[in-house]
Amino acid sequence: MIRTWIAEAENDGTLAFEKGIENLKRLLTLRLPKKTRLLANYPNPFNPETWFPYELAAPADVTLTIYGVNGQVVRQLALGHQVAGMYESKVRAAYWDGRNAVGEPVASGVYFYTLTAGDFTATRKMLIRK
């Protein structure tokens with residue numbers, strides 16, 4: 001949202017807007033994460049649909065891959081190019097409907113999820129119970 005305000009304000013060109021733009025840019029740098037992180041999914045574990053929050057310290061192409069305990073890919077979510085920022089709310093976090101690549105609901109059990117964002121890769125464990 002802050003980036004949108006900056007883009008809109010840059011079209012004005014007045015001194016007041018230039019000062020506002022500088023303040024918005026400072027605010028934006030305060031909100032940017034210092035490092036890229038993959039956080040715990042939620043809600044956990046009694047709902048097969050889940051959200052995967054993460055933080056990006058730099059813009060990157062983002063992919064989230066869900067694996068079964070046997071290491072086979074259950075589903076891959078290509079999230080595309082994402083700007084640096086916090087992706088923690090349900091509106092921004094990666095969403096998985098609890099279905100495999102062919103649309104079937106997954107079984108209860110342990111799964112792993114891996115976030116790949118540029119050179120960053122992190123894996124966490126989750127439990128799905130129905």
ILVMFWY cluster, Val91 and Met86 together (side-chain gap under 4.5 Å): no
Can you name the closest pair of heavy atoms from Leu56 and Ala117 and give their distance? CD2-CB, 3.6 Å
What one should report as the nearest heavy-atom pair of Gly85 and Pro33 is O-CG, 3.6 Å
With a 4.5 Å cut-off on side-chain heavy atoms, are Thr65 and Thr116 touching? no
For a 4.5 angstrom cut-off between non-hydrogen side-chain atoms, does Val74 reach Val106? yes
Using side-chain heavy atoms (C-beta onward) and a distance below 4.5 Å, is Leu115 in contact with Val62? yes
Could you verify whether a donor N or O on one side chain and an acceptor N or O on the other, from Gln72 and Tyr67, lie under 3.5 Å apart? no
Is the closest side-chain heavy-atom distance between Tyr111 and Thr50 below 4.5 Å? no
Charged tip of Arg124 within 45° of Tyr113 ring normal and under 6.0 Å: no
Rounded to the nearest 0.5 Å, how far apart are CD1 of Ile66 and CG of Leu77? 4.5 Å
I want to check something: taking the side chain as every heavy atom from C-beta on, are Arg99 and Arg75 in contact at a cut-off of under 4.5 Å? yes
Is there a chain of hydrophobic side chains (I, L, V, M, F, W, Y, each step under 4.5 Å between heavy atoms) that links Met126 to Leu39? no
Using every non-hydrogen atom in the two residues, find where Ala93 and Tyr42 come nearest and quote the distance to one decimal. CB-OH, 4.4 Å
Would you mind reporting whether Arg37 and Tyr54 have side-chain heavy atoms less than 4.5 Å apart? no
Ring-plane angle category for Trp51 and Tyr95, please: parallel below 30°, perpendicular beyond 60°, tilted otherwise. tilted
Atom CD in Glu55, atom NZ in Lys34: separation rounded to 0.5 Å? 11.5 Å
Using 0.5 Å steps for rounding, measure from the CG atom of Leu64 to the CZ atom of Phe52. 5.5 Å
Min side-chain heavy-atom separation Thr63-Gln76 under 4.5 Å: yes
Okay, side chain of Gln82, backbone of Leu79: is any donor-acceptor separation there less than 3.5 Å? yes
